[in-house]
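Just so it is clear: chains get the letters A, B, ... in the order the sequence lines come, proteins before strands, and each one is counted from 1. Note that the structure is predicted; figures quoted are calculated from it, not measured.
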Amino acid sequence: MPPIPSTPRVTEIPELDKTGSDTKSRYNFKEAEAKWQATWSDRRCFAVSEDEERPKYYVLEMFPYPSGRIHMGHVRNYTLGDLVARYKRARGYNVLHPMGWDAFGLPAENAAIANNVHPAQWTHDNIATMRAQLKTMGLSYDWDREIATCDADYYRHEQKMFLDFLEQGLAYRRESWVNWDPVEETVLANEQVIDGKGWRSGVEVEKRQLSQWFLRITAFSDELLADLGELDRWPDRVRLMQENWIGRSEGARMFFDLEAPDGAALERLEVYTTRHDTIFGATFCAIAANHPLAIGLAEKNPELAAFIAECNRLGTSEAAIETAEKLGFDTGVRARHPFMPGRTMPVFIANFVLMDYGTGAIFGCPGHDQRDLDFARKYGLDVIPVVAPADADAATFSIADEAFVDDGLMINSEFLDGLGIEDAKTEIAGRLEATGAGQRSINYRLRDWGVSRQRYWGCPIPIVYCDDCGMVPVAAEDLPVTLPTDADLDAPGNPLENHPTWKNVACPACGRDARRETDTFDTFFESSWYFARFCSPRADIAFDRAAVDYWLPVDQYIGGIEHAVLHLLYSRFFTRAMKQCGYIGIKEPFAGLLTQGMVCHETYKDEGGEWLLPDEVRRGADGKFVHAGTGRPATVGRSVKMSKSHKNVVDPESIIDAYGADTARLFMLSDSPPDRDLEWSDAGIDGAWRFTSRLWRMVTQPKTPFAADDEPSPASLAPEAEKANRAIHRTVAAVSLDLDRFRFNKAVARIRELVNLLDELDGDAIGVPWVLRQGFETVVRLIGPMMPHLAEELWSNLGHDILLADTPWPEIDEALLVEENVTVAVQVNGKLRGTLDLPKDSDNEAAQAAALVLDNVTKAVAGKPVRKVIVVPNRIINVVV
RNA sequence: GCCCAGGUGGCGGAAUUGGUAGACGCGCAGGUUUCAGGUACCUGUGGCCGCAAGGUCGUGGAAGUUCGAGUCUUCUCCUGGGCACCA
């Protein structure tokens with residue numbers, strides 16, 4: 001067995017001589033995998049076109065960012081996709097299975113700065129490396145359809161789409177907040193902000209307002225929410241996450257009149273709440289730090305301005321804001337209660353109120369919201385309970401450390417007293433609307449999608465700014481707007497903005513000097529429509545309508561759970577926007593979704609606490625881990641997602657080199673269900689290799705020779721042959737069902753069971769050689785989608801001229817699936833006391849009688865009267881005493 | 001902090017969806033073949049008691065529903081993913 005360089009070993013073992021005398025009895029995967037990859041490629045097996053005669057099936061794996069080399073997550077993702085693609089092909093579908101590159105992005109710019117290489121060069125080099133790596137996996141892609149999003153031939157179409165969106169009112173420009181690094185003079189991604197500081201500059205990040213492009217995803221809020229119900233082949237949890245992300249809530253907007261301490265006139269304050277029933281428990285109002293009222297008050301109040309500046313240091317990420325200590329600043333302004341003319345309450349600026357949600361202002365009801373309660377306790381504000389449990393005494397009910405958020409009856413609320421929460425909401429909403437002090441309102445958490453990035457390596461936004469004409473779209477015939485190749489990425493600021501000439505352009509409308517938009521698109525832009533481009537990747541327009549109409553939607557989309565919300569929601573929005581602009585006819589891009597788990601591995605550290613690669617660690621003679629180089633002790637940490645930062649990575653290339661692609665693929669499919677995390681282990685890959693060589697040996701060097709290819713089925717079979725024959729058909733049925741339901745690990749287990757059973761079948765009983773041929777041909781066909789090279793090799797070895805890739809899935813003889821006998825469990829008081837082998841669908845009374853006379857049953861019953869016997873036919877008999 | 005998952009032998013996992021817990025694989029132990037083993041094959045393998053037959057406990061923890069709970073309900077602990085400029 002080949003060595004594996006990254007494997008910790010108990011002892012050092014010399015490398016086996018692969019060309020030695022036992023070559024004949026070993027599977028030479030290197031030769032076989034290269035041979036079959038060449039064959040598939042030469043015969044253009046996986047090139048497809050529209051074919052109205054056959055049902056179509058579009059399998060798509062999330063395309064990779066070309067980061068340099070493929071990692072195990074890719075191997076898992078593409079193994080899953082290839083299994084589905086090959087399986088559906090075998091089942092007669094016309095399968096579209098393309099691959100491409102999500103090629104714009106930040107890492108290319110970072111690499112450019114770090115290694116002085118142009119982002120385009122870096123990206124194309126990486127693509128070449130990764131394409132070659134993927135090809136060694138034997139994936140059934142139609143490589144003719146390969147696309148890279150950084151090619152102008154790709155992004156020119158999205159520039160056109162953007163202009164169409166603009167015309168439809170789906171794109172617009174407004175001010176919005178960003179993380180600003182004052183040293184680099186650039187906007188930072190949330191991941192580039194570490195502890196509130198820029199990752200490279202180390203200086204404190206500021207929130208700053210920039211004019212940015214937005215896509216109006218909120219125009220589809222309701223539709224995106226409602227149509228989740230139709231996505232019945234999506235995981236529930238993803239639909240739930242999207243539902244929560246969209247965050248539809250029914251509440252009310254209401255106005256509070258304001259009183260400034262200096263008597264100045266102030267506009268009334270509009271708040272949004274979903275708990276308008278608790279209005280009589282309101283004891284303060286709070287507004288966002290960037291609320292217009294806050295900004296206005298700050299002009300005359302330096303202390304308040306300082307507090308706002310403090311809030312702005314928090315960064316823009318919701319996690320940062322939510323986990324920060326809740327702080328408030330009393331503005332001195334008082335808000336008048338809308339239903340109690342005499343009552344006023346303080347208006348705070350609070351760092352947990354978000355300008356982007358609702359109206360950027362809330363009223364606080366400490367009795368019935370934990371965050372409000374914490375805030376009230378901190379700033380010494382009143383707590384008035386207005387909802388009490390139905391069985392509580394309204395007069396004495398009070399709130400201590402915990403807000404009461406459950407259902408109950410209204411108290412201390414004048415005309416609402418005694419009502420339930422829902423009735424109180426209705427009553428309040430009615431009164432608000434009657435007096436003009438507010439109205440019912442549906443609110444969404446979902447915000448419009450900001451697509452402007454102040455970066456070089458992205459798609460240019462095709463807009464020109466003219467002093468006379470204002471904002472002017474680039475004319476369609478002038479597309480694409482391409483990137484300059486000579487931008488300076490090392491200087492602070494936006495590279496396109498800094499470029500000496502690129503932005504200077506004649507106004508498309510009046511011809512006078514004007515300036516290009518120097519922002520580029522968010523890279524989610526490209527990945528929001530690539531699935532459709534694959535239908536006609538070389539078309540002159542974005543999509544050949546006949547092609548997208550034939551292939552879309554994607555029947556099965558496969559990728560990481562980390563994309564559950566953003567990428568998938570943006571793609572759903574984009575599809576609707578493209579439909580509105582007449583590009584395509586569908587609104588949901590992905591009919592089926594499979595979200596795979598991560599590939600994890602143990603972590604290792606040396607004595608100094610530095611991370612170690614698995615390669616750098618081995619097991620000493622005492623079983624403890626040591627540094628392979630120094631022999632110093634190493635510690636093993638728990639298993640986490642493989643990542644460069646934890647150094648717990650295993651390089652797929654070395655695995656494929658040592659074990660072959662099929663063995664790596666088998667391991668990816670065995671054991672763990674696709675949607676769960678997978679634990680990489682050296683023992684696991686060894687086990688997969690053992691199966692590979694064992695199956696190869698069993699087929700190429702059978703103990704009992706198989707019947708000839710064309711031998712007709714015998715008139716009768718010996719009992720063991722009959723039993724095996726039934727098992728073959730049962731396995732085909734079960735594996736098919738497992739594959740349909742993405743239970744790939746179970747499918748592998750069942751195939752192994754069948755192989756074990758066939759291994760035990762030998763001798764010269766009637767039908768044995770015939771069943772062995774049926775059995776192994778079936779096994780080879782069943783593993784075809786999982787281990788395509790080995791399967792192709794064995795299929796050829798079994799005497800077939802037609803490629804397995806062109807061979808249909810095995811047929812089932814339904815008659816052989818019918819069981820004659822079943823094993824029924826017998827319990828006494830729910831505890832297993834024995835089993836009975838009974839003819840299937842036996843009479844209940846007979847089964848019960850047989851159960852009651854079992855030795856262990858009579859012993860357990862011990863003469864006590866039988867109170868009841870529960871018989872579940874073909875399953876269980878429970879005797880209750 | 002908010003949202004979403006997941007906790008089953010030494011390990012990855014299976015359990016016909018409320019009906020025999022531990023399929024299949026890994027690991028481990030004993031054996032056979034072999035000059036040799038990181039090979040191949042055979043046997044065993046959840047804990048505890050027992051020579052055995054068998055008994056008993058057992059699905060993160062606590063309670064509940066049920067003839068019967070890994071599966072349903074409530075509470076609780078732990079681990080992971082996402083949180084809008086990483087992709």
Q: Describe the nucleic acid contact of A:L446 in one word from base, sugar-phosphate, nothing, applying a heavy-atom distance below 4.0 Å.
A: base

Q: Base of B:C3, side chain of A:N244 - is there a donor-acceptor contact under 3.5 Å?
A: no

Q: Please give, in whole Å, the distance from B:U56 P to A:N829 CG?
A: 12 Å

Q: Students often get this wrong, so: under 4.0 angstrom with heavy atoms, is A:S681 touching a base, only sugar-phosphate, or nothing?
A: nothing

Q: Regarding B:C2, can its base be found pairing with the side chain of A:E318 as donor and acceptor, where the two atoms are less than 3.5 Å apart?
A: no

Q: Just call it for A:R239: base, sugar-phosphate, or nothing, with non-hydrogen atoms closer than 4.0 Å on any strand.
A: nothing

Q: Verify whether one side chain among A:T823 and A:D837 offers a donor that lies under 3.5 Å from an acceptor in the other.
A: yes

Q: Would you mind checking if A:R371 and A:D374 are paired as a salt bridge, meaning a charged N to carboxylate O distance below 4.0 Å?
A: no

Q: Would you indicate which nucleotide in B:U20, B:U17, B:A14 comes nearest to any side-chain atom of A:T823?
A: B:U20

Q: Ignoring hydrogens and geometry beyond distance, is the side chain of A:D671 in donor-acceptor contact with the base of B:G12 at under 3.5 Å?
A: yes

Q: Tell me what A:K641 touches on the nucleic acid: a base, only sugar-phosphate, or nothing, going by heavy atoms under 4.0 Å.
A: nothing

Q: Does this structure show an ion pair linking A:D759 with A:K703, if we count only N-O contacts that are shorter than 4.0 Å?
A: yes

Q: How is A:D675 classified with respect to the nucleic acid when contacts are heavy atoms under 4.0 Å: base, sugar-phosphate, or nothing?
A: nothing

Q: Any donor-acceptor pair under 3.5 Å linking the side-chain atoms of A:Q596 with those of A:R676?
A: no

Q: Between A:D236 and A:A683, which has a closest nucleotide on RNA chain B that is more 5'?
A: A:D236

Q: Which glycosidic conformation, syn or anti, is assigned to B:U66 if syn requires a torsion within 90° of zero?
A: anti

Q: Under the side-chain hydrogen bond (donor to acceptor under 3.5 Å, both in side chains) criterion, do A:D448 and A:T218 qualify, and how do the steps go?
A: CA-CA 6 Å; A:D448 278 335; A:T218 54; 2.7 Å; yes

Q: Got A:P107 and A:W122 here, is their nearest side-chain heavy-atom distance under 4.5 Å?
A: yes

Q: Please classify the nucleic acid contact of A:S672 as base, sugar-phosphate, or nothing, using heavy-atom distances under 4.0 Å.
A: sugar-phosphate

Q: Please work out if A:R237 contacts a base, only the sugar-phosphate, or nothing of the nucleic acid, heavy-atom cut-off 4.0 Å.
A: sugar-phosphate

Q: Regarding A:R248 and A:E243, does a basic nitrogen lie under 4.0 Å from an acidic carboxylate oxygen?
A: no

Q: Reading 5' to 3' and counting Watson-Crick or G-U wobble pairs with both distances under 3.5 Å, write the dot-bracket notation for RNA chain B, | for bases paired outside the strand.
A: (((((((..(((......[....)))((((((.......))))))((((....))))..(((((..]....))))))))))))....

Q: What I want to find out is whether A:E184 reaches A:R200 closely enough, with some N-O distance under 4.0 Å, to be called a salt bridge.
A: yes

Q: State whether A:E61 and A:R76 are salt-bridged, where the test is any N-O pair (Lys NZ or Arg NE/NH1/NH2 against Asp/Glu carboxylate O) under 4.0 Å.
A: no

Q: Can you confirm whether more than 12 heavy atoms, excluding those of A:E402, are under 6.0 Å from its CD atom?
A: no

Q: Can you tell me how far P of B:A84 sits from CD of A:E191, to the nearest Å?
A: 12 Å

Q: Output the single nucleotide from B:G25, B:G80, B:A84 whose closest atom is nearest the side chain of A:N190.
A: B:A84

Q: Of all the choices, B:G81, B:C85, B:A84, which nucleotide is nearest to the side chain of A:L566 once you look at every atom?
A: B:A84

Q: For A:R867, report the nucleic acid contact type (base, sugar-phosphate, nothing); a contact means any heavy atom under 4.0 Å.
A: nothing

Q: CG of A:D855: more than 12 outside heavy atoms within 6.0 angstrom?
A: no

Q: Syn or anti: how is B:G10 classified when any glycosidic angle within 90° of 0 counts as syn?
A: anti

Q: When you get a sec, tell me which of B:C4, B:A23, B:C57 is the closest nucleotide to the side chain of A:M241?
A: B:C4

Q: Taking only the side-chain heavy atoms of A:A825 (C-beta and beyond), determine which of B:A87, B:U20, B:G1 contains the nearest atom.
A: B:U20

Q: Students often get this wrong, so: under 4.0 angstrom with heavy atoms, is A:V880 touching a base, only sugar-phosphate, or nothing?
A: sugar-phosphate

Q: For a quick check of understanding: with a heavy-atom distance under 4.0 Å over all strands, which category does A:Q454 fall into, base, sugar-phosphate or nothing?
A: base

Q: From the options B:A21, B:C24, B:A87, select the nucleotide whose nearest atom is closest to the side chain of A:E562.
A: B:A87

Q: Across the strands shown, which category fits A:V178 at heavy-atom distances under 4.0 angstrom: base, sugar-phosphate, nothing?
A: base

Q: For A:K703 and B:U33, give me the distance from atom NZ to atom P, rounded to whole Å.
A: 18 Å

Q: Dump the pairs, protein N or O against N or O of nucleotides 41-51 of chain B, anything under 3.5 Å, distances to one decimal.
A:
from, atom 1, to, atom 2, distance (Å)
B:C41, OP1, A:R694, NE, 3.3

Q: Remember a base hit wins even if backbone is also touched, and classify A:H567 as base, sugar-phosphate or nothing at under 4.0 Å, heavy atoms.
A: nothing

Q: Which is true for A:L106 with a 4.0 Å heavy-atom rule: it touches a base, it touches only sugar-phosphate, or it touches nothing?
A: sugar-phosphate

Q: Looking across every strand, which nucleic acid part, if any, lies under 4.0 Å from A:F524 by heavy atom: base, sugar-phosphate, or nothing?
A: base

Q: The side chain of A:R743 is closest to which nucleotide in this list: B:G80, B:U17, B:G55?
A: B:U17

Q: Using ring-ring contact (aromatic ring centres under 6.0 Å, His included) as the criterion, point out the one residue from A:Y570, A:F214, A:F521, A:W213 that pairs with A:W449.
A: A:Y570

